[in-house]
There are 2 protein chains.
Amino acid sequence: MSRQTTVTITDVAREAGVALGSVSNAFNHPDKVRPETLARIREAADRLGYAPNQSARMLAGGKNRLFGLILPSLDHGVSLQIANGANAEARKHGYGLLIATAQTDEEIAHRYRDYFMGTQTAGILMQPPAVLNWQPPAHPPRIPLAFLDIQCDVPGHFVAADNFALGELLARHAFKSGAQRVAIIGKPSLNRLVLRVKGMEHAFTTESDCAFEVVEEGAWNSAHDGLDLGRRLAERPEDTRPDFIIALTDTLATGAISGVRAAGLRVPGDIRVAGCDGNPLAWTGPVPLTTIAPIGYELGRRGVHQLIAQIEEEPEHEPENHQELVRPFLLARASTGMNRSDDFADPDIDISGYL
Amino acid sequence: MSRQTTVTITDVAREAGVALGSVSNAFNHPDKVRPETLARIREAADRLGYAPNQSARMLAGGKNRLFGLILPSLDHGVSLQIANGANAEARKHGYGLLIATAQTDEEIAHRYRDYFMGTQTAGILMQPPAVLNWQPPAHPPRIPLAFLDIQCDVPGHFVAADNFALGELLARHAFKSGAQRVAIIGKPSLNRLVLRVKGMEHAFTTESDCAFEVVEEGAWNSAHDGLDLGRRLAERPEDTRPDFIIALTDTLATGAISGVRAAGLRVPGDIRVAGCDGNPLAWTGPVPLTTIAPIGYELGRRGVHQLIAQIEEEPEHEPENHQELVRPFLLARASTGMNRSDDFADPDIDISGYL
DNA sequence: TTGAAAGCGCTAACAC
DNA sequence: GTGTTAGCGCTTTCAA
């Protein structure tokens, strides 16, 4: 038996000896079917291996308790955290989550977006690719939509870390831990990096008399460039050498630590080093890195909230800007001397807890 | 304008002043439409913000160049690798990939499976949850289906690391590096762990006269239990103390290294330690860990191959068992003394390359 | 409670 | 090439 390609609702109805409509009710409004009939229908469905054709369901007007999440990749720390946060929160509210990765290819991202829209997904979450001055599509979306990990002031829904506050936080950590000369390294080639730098500059100039410089060099996400920068800074004569390095990303920071040590200096003994983006993937170096607590999970959670809010609220007459900012927290560890660097695997850097 | 809920193909046809069928052709068989008409249609579609209703498309008989991937979670090293491998391979063959995580909940996994089947997904890939004696569902699938990270001999398609060979590989590494007394630690509570142990036992007994014992204690994936075991083994009197520890998982191994060091012994100086499952998430300890090269990416790739093969081949009359085994490779690093443990962030443990 | 019938938006086959 | 039409499988009225 069952060498047939497709089992339809009609087959189940025939098998159970009831009308088609009753089978539909059995699945969608079980309370409207007499229990005994319901049992017979379920049993018939099982025997036949019936799985409803979702396309037909949706077409006929069903709602889909499913969100779509479009990520540029799945190997970057934040994306993974977003996926897990969004998944947990969606589940909590009775929704499922489908994740797609677009490999930073706009064309592919569009295709997934159209697919999700075209299958009556309840909402779409999207982390835009890491490009400077990214802008959301002009067309107002036809279904709930929110963008993650991006600060933006055009109409739409956006969730991101408060990168300005994040910059301030790290700057304060630097001068409170006694830094005299701070070097901020990394090219601010993304809006969020620019905001971090602004936050740092603001805190340094208004709250301290600590000297600082911005070394705008190297790719924003290259451990190799970090190593190079770290070494060069460490090799400066002692009177111009920074005693604290803030790297705009953790990857850069990890590289910088290696660079400083390659130049024969100690971290945090001679130079303290901090990262900026709570990226557990970069936490594999010999010194546990001070950085921001990973925030992606929270971004994912809040994104789902935004979606649910859009579903429940009246649609807006005038599209407005909804920017939600998540407050960052510092993770003070050995690389800035705020925590012992012991011999054991530091439980703080069991990264699996952060993914 | 466009305050309308849905834009249909009819709207586009009217807007472009052509018949409905031409719009359909414009999207699905552009070559069947006069270029000038095509341009007019595309422009109208754009202006209206038209996105085809995928449900209707599928219902009407379209094929979906999309695979579904169901994972127990996204925080375990292998799952992430699978996702990336499957994604890359799918893309290469012109398919998309939708990823869902079931949180080890069979019920939810079923729901995603039914969803994928019900949306005419071209095929489904599934990594079963980590339970002993897992078995695939009895119903022969109606669409291409393959299971990843599992060795199984019932009818169906399965892809996994060759865990027996993996065990042999590690055992050989141990006795070739001069081990006299080996302790294998971890409870073999999953089929794949059992196979690893069998492989080790086989290699030890047939190829060496090295003494070995299996310490079946602790959860299979707990760094804490690893620490405990490592410490206890290190605290044994020198004549019964192992000089080589093979942990059944990397998480256990990382813990064990800390345990050995906590007991005042050195790794690899006094005791060498190796892991077993190429899980980059566990590579955060102070000593780079010898283990198997991460294999998940390859599992994902091969899984997609299996799916494509099923799509292209004739359906089988008699369902057969197709078990594909991926050959494991050793990643020899400092924890077994096969590689220098230098001061810098070891490029080998830049885990992002393995995810 | 149940059964019959009207579409949902689209594709493909057909006639023009 | 272009336009017309018959379903795809299901949900949801509406009568019975």
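Note that the structure is predicted; figures quoted are calculated from it, not measured. Sequence lines set the chain letters: A, B, ... in the order given, protein chains first and strands last, and positions in each chain run from 1.
- B:Ser79 and B:Gln127 form a side-chain donor-acceptor contact under 3.5 Å, judged by distance and modelled atom types alone.
- Counted by atom type alone, A:Gln103 and B:Asn87 present one or more donor-acceptor pairs between their side chains at under 3.5 Å.
- Residue pairs meeting the side-chain hydrogen bond (donor to acceptor under 3.5 Å, both in side chains) criterion with at least one member in residues 107-118 of chain A, sequence neighbours excluded: A:Glu107-A:Arg111, A:His110-A:Arg113.
- An angle of 30°, rounded to 10°, separates the two end axes of the helix from C:dT1-D:dA16 to C:dC16-D:dG1, each defined over five pairs.
- Minimum atom distance to the side chain of A:Ala19 is reached by C:dG3, of the listed D:dG3, C:dT1, C:dG3.
- Tested against B:His157, the residues B:Arg302, B:Gln310, B:Glu320 include a single side-chain contact (heavy atoms from CB on, under 4.5 Å) partner, B:Gln310.
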The contact string for nucleotides 9-16 of chain D, one letter per nucleotide 5' to 3', using protein heavy atoms under 4.0 Å with B, S and - for base, sugar-phosphate only and none, comes out as BBBB----

One pair to check against side chain to side chain contact (heavy atoms under 4.5 Å, CB included): A:Arg192 and A:Asp149. What are the steps and the verdict? CA-CA 9 Å; A:Arg192 80 180 71 114; A:Asp149 198 26; 3.3 Å; yes

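- Counting only N and O atoms by type, the side chains of A:His322 and A:Gln306 include no donor and acceptor under 3.5 Å apart.
- For A:Gln120 and B:Ser55, the side-chain atoms include at least one donor-acceptor pair closer than 3.5 Å.
- We find that CD of A:Gln120 is positioned 10 Å from C1' of C:dG9, with the value rounded to whole Å.
- With rounding to whole Å, A:Asp31 atom CG is found 12 Å from C:dT2 atom P.
- Between the side chains of A:Arg57 and A:Asn28, at least one donor-acceptor pair of N or O atoms lies under 3.5 Å.
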